[in-house]
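These numbers come from the heavy atoms of this one structure, side chains and all, not from hydrogens, waters or symmetry mates. Lettering of chains follows the sequences in order, A, B, ..., and the numbering in each one begins at 1.
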Amino acid sequence: MKKSHVFEWNTKDFQKELLKWYDKYRRELPWRAPKGRKAHPYHVWLSEIMLQQTTVPAVKSYFEKFTELYPDIHHLAQAPEEDILKHWAGLGYYARARNLHKCAKIISEVYGGNFPKTEIDLKKLPGIGDYTASAIIAIAFNKEAVVVDGNVERIIARLARIREPLPKSKAIIKTIAASIYEDIGKKASDLPQSLMDLGSMVCTPKSPKCNICPISYFCEAKNHKDQEKYPVKAIKEAKPTRIGDVYWIETTKGEILIEKRSTNRMLGGMMALPGTDWDKNNAESMGSSDISLFKPDKKPSLIGEVRHSFTHFHLILNVHKARVPIKNLILKENQRLICIKDIDELGFPSLYKKVVKLAISAEDKDE
DNA sequence: AAAACGTGGCA
DNA sequence: TTGCCAAGTTT
């Protein structure tokens, strides 16, 4: 393998600077063991799953809620999936929560509650990929692993001034990462965490604070004063906008029609309000509720729209309200009625929380 | 291998 | 307001 220019400096010096900085400035995080203490594998795993593609502030309250509700992997394994999804609501990427539960069951029932101690075996578990497997090995077991997350990619892209855009540059970045992690030994747990803290506090995506960076000496981008240019990323497609309908169907007894989404759809397994299939490309298809089937006592009224952005499209949902005599309702298997007062405890994903908010404010207005 | 998969914060 | 971004995995 051809050596990159970043190999030319001494890896030991680089690691030493990073670890010295970490010793002084490391963050206290709910899932992180205090200095000198061992991390709890369950906490490491849970936090790593939660942190995928999101931020520390977004995760904190969820982590605390989960560790309180489910103090160990067996509690989590035994909980109904429905409860786990309810408590995950709002964190997004809901397949993560379903995989979290599947994984907990395997660890609890097959491994007797102990996480496997190799990357190979960890990667076989649902929801654990390259990054998470290496993070658990390093952080929970203090064993050597090349841990590469978005922070490490950004830091290396700047250190080595990688011109190749992500994600194509992942392979070369991984190679450089391997040299950074080389022979880390007893500090196997600290090094990846130092890089993540550095990425969070110093080598930030925007306006990196190179003046206080412990490894700026090694950084090519800093030396060229073009650190803001890295990491170079592939140009993204513009997001299309989809339009759909959602229904706030109230019975004459003041209950609301809700449903559970099937797991092969967006927001899979989550509670929802009935509507058209906005998550399908084909916007023509009628979804869970053809409103006319319910014979509302008067024409449904359009009360407004809700806008929401997903990773690959924008959504505008027209929100309709209808009052339906209870005898006209034929509930599907995944549907039920719920009192308005209980609707906040349901665990709607954010999209439907917005719809509920709009519907309730319209409620207050006209009735 | 490229696309799918959520959300909230910030410039 | 719009677009970008954050501790990736799965298919």
- Query: Rounding to a whole Å, what distance do you find between A:Tyr352:OH and B:dG6:P?
  - Reply: 12 Å
- Scan residues 73-85 of chain A against DNA chain C and write down, sorted by residue number, each residue with any heavy atom closer than 4.0 Å; if none is found, say none. none
- Examine B:dA4: is either OP1 or OP2 under 4.0 Å from a nitrogen or oxygen in the side chain of A:Lys280? Give yes or no. no
- Task: Under 4.0 Å between any heavy atoms, over every strand shown, what does A:Pro126 touch: base, sugar-phosphate, or nothing? Just pick one.
- Result: sugar-phosphate
- Message: Between B:dG8 and C:dT9, how many Å separate the two P atoms, rounded to a whole number?
- Response: 22 Å
- Touch check for A:Trp88, heavy atoms < 4.0 angstrom, all strands: base, sugar-phosphate only, or nothing? nothing
- Assign A:Pro167 to base, sugar-phosphate, or nothing according to its heavy-atom contacts below 4.0 angstrom with the strands shown. nothing
- Message: How many whole angstroms separate atom OH of A:Tyr93 from atom C1' of B:dT7?
- Response: 9 Å
- Message: Which nucleotide wins on minimum distance to the side chain of A:Pro205, given the candidates B:dG6, B:dT7, C:dC5?
- Response: C:dC5
Under-3.5 Å N/O pairs linking protein and nucleotides 1-4 of chain C:
none

- A:Ser200 vs C:dA6: side-chain N/O to OP1/OP2 distance below 4.0 Å: no
- Would you say B:dT7 has OP1 or OP2 under 4.0 Å from some side-chain N or O of A:Tyr94? yes
- Task: Provide the closest heavy-atom pair for A:Ser216 versus A:Lys222 in the form atom of the first, atom of the second, distance.
- Result: O-CG, 3.8 Å
- Nearest non-hydrogen partners of A:Met196 and A:Arg27, listed with the distance: O-NH2, 3.8 Å
- Query: Looking across every strand, which nucleic acid part, if any, lies under 4.0 Å from A:Leu315 by heavy atom: base, sugar-phosphate, or nothing?
  - Reply: nothing
- Query: So what does A:Val152 touch, heavy atoms closer than 4.0 Å: a base, only the sugar-phosphate, or nothing?
  - Reply: nothing
- Item | Rounded interatomic separation in angstrom, taking CG from A:Leu351 and P from B:dC5 | 13 Å
- Return the value, rounded to whole Å, for the distance between atom CZ of A:Phe313 and atom C1' of B:dC5. 10 Å
- Query: Within a reach of under 6.0 Å around NZ of A:Lys20, are more than 12 heavy atoms found that belong to other residues, nucleotides or ligands?
  - Reply: no
- Separation of B:dT7 P from A:Phe348 CZ (nearest whole Å): 13 Å
- Item | Atom pair distance, as rounded to whole Å: CG in A:Leu91 and C1' in B:dC5 | 14 Å
- Task: For salt bridge (Lys or Arg N to Asp or Glu O under 4.0 Å), just list the numbers for A:Glu259 and A:Lys332, CA-CA rounded to whole Å, side-chain angles, deciding distance to a tenth of an Å, and then say yes or no.
- Result: CA-CA 8 Å; A:Glu259 64 183 38; A:Lys332 295 183 179 171; over 6 Å; no
- Message: Students often get this wrong, so: under 4.0 angstrom with heavy atoms, is A:Gly268 touching a base, only sugar-phosphate, or nothing?
- Response: nothing
- Task: Applying side chain to side chain donor-acceptor pair (under 3.5 Å), name anything that partners A:His308, two or more places apart in sequence or on another chain.
- Result: A:Lys354
- May I have the distance from A:Arg154 (atom CZ) to C:dC5 (atom P), rounded to whole angstrom? 10 Å
- Is the shortest side-chain N/O distance from A:Arg265 to OP1 or OP2 of B:dC5 below 4.0 Å? no
- Taking for each residue the nucleotide of DNA chain C with the nearest heavy atom, is it A:Thr55 or A:Leu125 whose nucleotide lies nearer the 5' end? A:Thr55
- Under 4.0 angstrom between A:His312 side-chain N/O and B:dC5 OP1 or OP2: yes
- Item | Out of B:dG6, C:dA6, C:dG8, whichever nucleotide has its closest atom nearest the side chain of A:Leu267 | B:dG6
- Query: DNA chain C: A:Arg32 or A:Ile128, which has the more 5' nearest nucleotide?
  - Reply: A:Arg32
- Let me know the distance between CG of A:Asp149 and P of C:dC5, rounded to the nearest Å. 16 Å
- Is A:Lys233 touching bases, backbone alone, or none of the nucleic acid, heavy atoms closer than 4.0 Å? sugar-phosphate
- Message: Is it the case that the ring center of A:Phe313 lies less than 6.0 angstrom away from the ring center of A:Phe310?
- Response: yes
- State whether the number of non-hydrogen atoms from other residues, nucleotides or ligands found under 6.0 Å of A:Leu302 atom CG is greater than 12. yes
- Taking only side-chain nitrogens and oxygens of A:Ser350, does any of them come within less than 4.0 Å of OP1 or OP2 of B:dT7? yes
- More than 12 heavy atoms of other groups within 6.0 Å of A:Glu64 CD: yes
- Residues, nucleotides or ligands: over 12 heavy atoms within 6.0 Å of A:Tyr111 OH: yes
- Query: Is atom NZ of A:Lys65 surrounded by more than 12 heavy atoms (other residues, nucleotides or ligands) closer than 6.0 Å?
  - Reply: yes
- Query: Is the CD atom of A:Glu28 crowded by more than 12 outside heavy atoms at less than 6.0 Å?
  - Reply: no
- Going through the distances and angles, do A:Glu237 and A:Lys239 end up as a salt bridge (Lys or Arg N to Asp or Glu O under 4.0 Å)? CA-CA 6 Å; A:Glu237 293 289 321; A:Lys239 287 182 192 178; over 6 Å; no
- Query: Any side-chain N or O of A:Gln53 under 4.0 Å from OP1/OP2 of C:dG8?
  - Reply: yes
- Query: Out of C:dC5, B:dG6, C:dT9, which has the shortest distance to the side chain of A:Tyr131?
  - Reply: C:dT9
